[in-house]
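For this chain, numbers begin at 1 and follow the sequence in order. Values in this document were obtained by computation on a predicted structure and should not be read as measured data.
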Amino acid sequence: MEHLTIASDNYVAFTFFIGTMAMMAASVFFFFELNNTSQKWRTSVLVSGLITFIAAVHYYYMRGYNLETGESPTFFRYVDWILTVPLMCVEFYLITKKAGAKIGLLWKLIFASLVMLVTGYIGEVLDPAQSVLWGVISGAAYFYIAYLIWFGEVAKLSQTAGPQVAKATRILAWFVLVGWAIYPLGYILGTEGGLFGMKLVADKAAALHAMDIVYNIADAINKIGFGLVIYSLSRNAED
Ligand SMILES: *C/C=C(C)/C=C/C=C(C)/C=C/C1=C(C)CCCC1(C)C
């Protein structure tokens, strides 16, 4: 067996490595903090830990895959997202549930997130020649999620759930609007169609590297940051 090392200019492998460590550390933190979390918020903090834990396992795998093959672990990237993004939808449902959120709202969020991810996967892997079209469909589902959170049911319910929940929901809404918007940027950098036909990175290998780095940064911000907002809500909110 050849001993694999990370070259100092290999930013893709480096961000996979540091992503693995960060997700592992965040999971340990959320799980251990469960003990001194009030009953009311325990499930929410547990879900934060599950999100980073699922990501940690996938990152561990993707890190090894990338180091050994030098390729993009696209399949496992999407398996990770298909599991963790719906769990983020669960977080929105859990914090607005006390204000009367119905299970139908959760299904709407989950359904839209599945459309967003499945069409993204088709555009990256199954039908790359039409990556712009699939990206646009994915983007529409993304805007629908952002709409529900900013102006739709999630926003309305959070207003009646007390000032702390309203404030946390507003911060999470910013994560969805700005943090999640980093992903389509990675997609534009890495896919065939680029930005409506305009390739931003001409070299194919370099384009995929840029995509992986952008996705890795976005995952760290969105999974750990998102969990920390829930965690701080569990500490600040009146129970
Ligand atoms: C933890 C993982 C998260 C929060 C992943 C989020 C992924 C997205 C918001 C992906 C969105 C995409 C588009 C809006 C268009 C292009 C295709 C995607 C799937 C990259």
**Student:** Under 3.5 Å, side chain of S138 to main-chain N/O of W134, donor-acceptor pair present?
**Tutor:**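 Checked: no pair found.
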
**Student:** Set out, in order, the CA-CA distance, both residues' side-chain angles and the distance that settles side-chain contact (heavy atoms from CB on, under 4.5 Å) for V132 and L195, then state yes or no.
**Tutor:** CA-CA 7 Å; V132 175; L195 185 64; over 6 Å; no

**Student:** Answer yes or no: are there more than 12 heavy-atom neighbours, outside F111 itself, under 6.0 Å from its atom CZ?
**Tutor:**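 Count not over threshold, so no.
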
**Student:** Backbone N or O of A155 within a donor-acceptor pair of the W150 side chain at under 3.5 Å?
**Tutor:**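 Judged by distance alone, no pair lies under 3.5 Å.
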
**Student:** With Y121, which residues qualify under ring pair (Phe, Tyr, Trp, His ring centres under 6.0 Å), at least two apart?
**Tutor:**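 Here the qualifying residues are Y78.
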
**Student:** Hydrogens and angles aside, do D212 and Y11 bring a side-chain donor and acceptor to less than 3.5 Å of each other?
**Tutor:**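 D212 vs Y11: no donor-acceptor pair found between side chains.
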
**Student:** Output yes when a side-chain donor or acceptor of T69 lies under 3.5 Å from a complementary backbone atom of E71, and no otherwise.
**Tutor:**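 Checking the backbone N and O of E71 against the side chain of T69, a donor-acceptor pair under 3.5 Å is found.
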
**Student:** Checking the side chain of Y142 only, and the main-chain atoms of L177 only, is there a donor and an acceptor separated by less than 3.5 Å?
**Tutor:**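 Side chain of Y142 to backbone of L177, a donor-acceptor pair under 3.5 Å: yes, one is there.
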
**Student:** Taking ring pair (Phe, Tyr, Trp, His ring centres under 6.0 Å) as the definition, give me every residue that meets it alongside Y61, ordered by chain and number, with sequence neighbours left out.
**Tutor:**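 Partners of Y61 under the ring pair (Phe, Tyr, Trp, His ring centres under 6.0 Å) test: F76.
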
**Student:** Apply the test salt bridge (charged side-chain N to carboxylate O under 4.0 Å, His left out) to residues R42 and E33: give CA-CA distance (whole Å), side-chain angles for both, the deciding distance (0.1 Å), then the verdict.
**Tutor:** CA-CA 9 Å; R42 210 165 278 171; E33 284 296 310; over 6 Å; no

**Student:** Mind checking side chain to side chain contact (heavy atoms under 4.5 Å, CB included) for V118 and listing every partner two or more places apart, or none if nothing turns up?
**Tutor:**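 V118: side chain to side chain contact (heavy atoms under 4.5 Å, CB included) contacts with I82, I122.
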
**Student:** Using the side chain to side chain contact (heavy atoms under 4.5 Å, CB included) criterion, which residues pair with I6? Sequence neighbours excluded.
**Tutor:**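 Testing I6 for side chain to side chain contact (heavy atoms under 4.5 Å, CB included), a comparison that skips the adjacent residues, returns N10, A13, F17, L67.
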
**Student:** Using a cut-off of 6.0 Å, state whether more than 12 heavy atoms not belonging to Y183 lie near its atom OH.
**Tutor:**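 Yes, the 6.0 Å shell around OH holds more than 12 heavy atoms from other groups.
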
**Student:** Regarding S158 and R170, is there a side-chain donor-to-acceptor distance under 3.5 Å anywhere?
**Tutor:**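 Side-chain D/A pair, S158 to R170: absent.
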
**Student:** W41 ring centre to K98 NZ or CZ under 6.0 Å, with the angle to the axis within 45°?
**Tutor:**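 Judged by the rule, K98 and W41 form a cation-pi pair.
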
**Student:** Quick one: does NZ or CZ of R63 land under 6.0 Å from the six-membered ring centre of Y59, within 45 degrees of the ring axis?
**Tutor:**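 That pair does not qualify as a cation-pi contact.
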
**Student:** Has the side chain of K199 got a donor or acceptor atom that lies under 3.5 Å from a matching backbone atom of T191?
**Tutor:**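 Yes; judged by distance alone, with no hydrogens or angles, the pair exists.
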
**Student:** Show every salt bridge (charged side-chain N to carboxylate O under 4.0 Å, His left out) that has at least one partner inside residues 173-194, sequence neighbours left out.
**Tutor:**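 Listed once each, the pairs are E192-K204.
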
**Student:** Which distance, rounded to the nearest 0.5 Å, do you find between the CG of L233 and the CD of E91?
**Tutor:**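 Rounded to the nearest 0.5 Å, the CG-CD separation comes to 9.5 Å.
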
**Student:** How far does CD1 of I95 sit from OG1 of T43, to the nearest 0.5 angstrom?
**Tutor:**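 I95 atom CD1 to T43 atom OG1 measures 13.0 Å (nearest 0.5 Å).
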
**Student:** Please check if the side chain of Y65 supplies one atom and the backbone of Y60 the other of a donor-acceptor pair under 3.5 Å.
**Tutor:**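 Answer holds: no.
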
**Student:** A129: which residues meet the side chain to side chain contact (heavy atoms under 4.5 Å, CB included) condition with it, sequence neighbours left out?
**Tutor:**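 Side chain to side chain contact (heavy atoms under 4.5 Å, CB included) list for A129, sorted by chain: D127.
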
**Student:** Going from CE on M24 to OG1 on T52, what distance comes out if it is rounded to the nearest 0.5 angstrom?
**Tutor:**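 Answer for the CE-OG1 pair, M24 versus T52, is 11.0 Å.
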
**Student:** Evaluate the ring planes of Y144 and Y147, with Trp represented by its six-membered ring, and classify them as parallel (under 30°), tilted (30 to 60°) or perpendicular (over 60°).
**Tutor:**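 Ring orientation, 0 to 90° scale: parallel.
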
**Student:** CG of L34: more than 12 outside heavy atoms within 6.0 angstrom?
**Tutor:**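 Buried by this count: over 12 neighbours within 6.0 Å.
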
**Student:** Do any N or O atoms from the side chain of N66 and from the backbone of M62 form a donor-acceptor pair under 3.5 angstrom?
**Tutor:**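 No; zero donor-acceptor contacts below 3.5 Å.
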
**Student:** Under a 3.5 Å distance rule, please check whether S131 uses its side chain to pair with a backbone N or O of E124 as donor and acceptor.
**Tutor:**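 Here the side-chain-to-backbone pair does not exist.
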
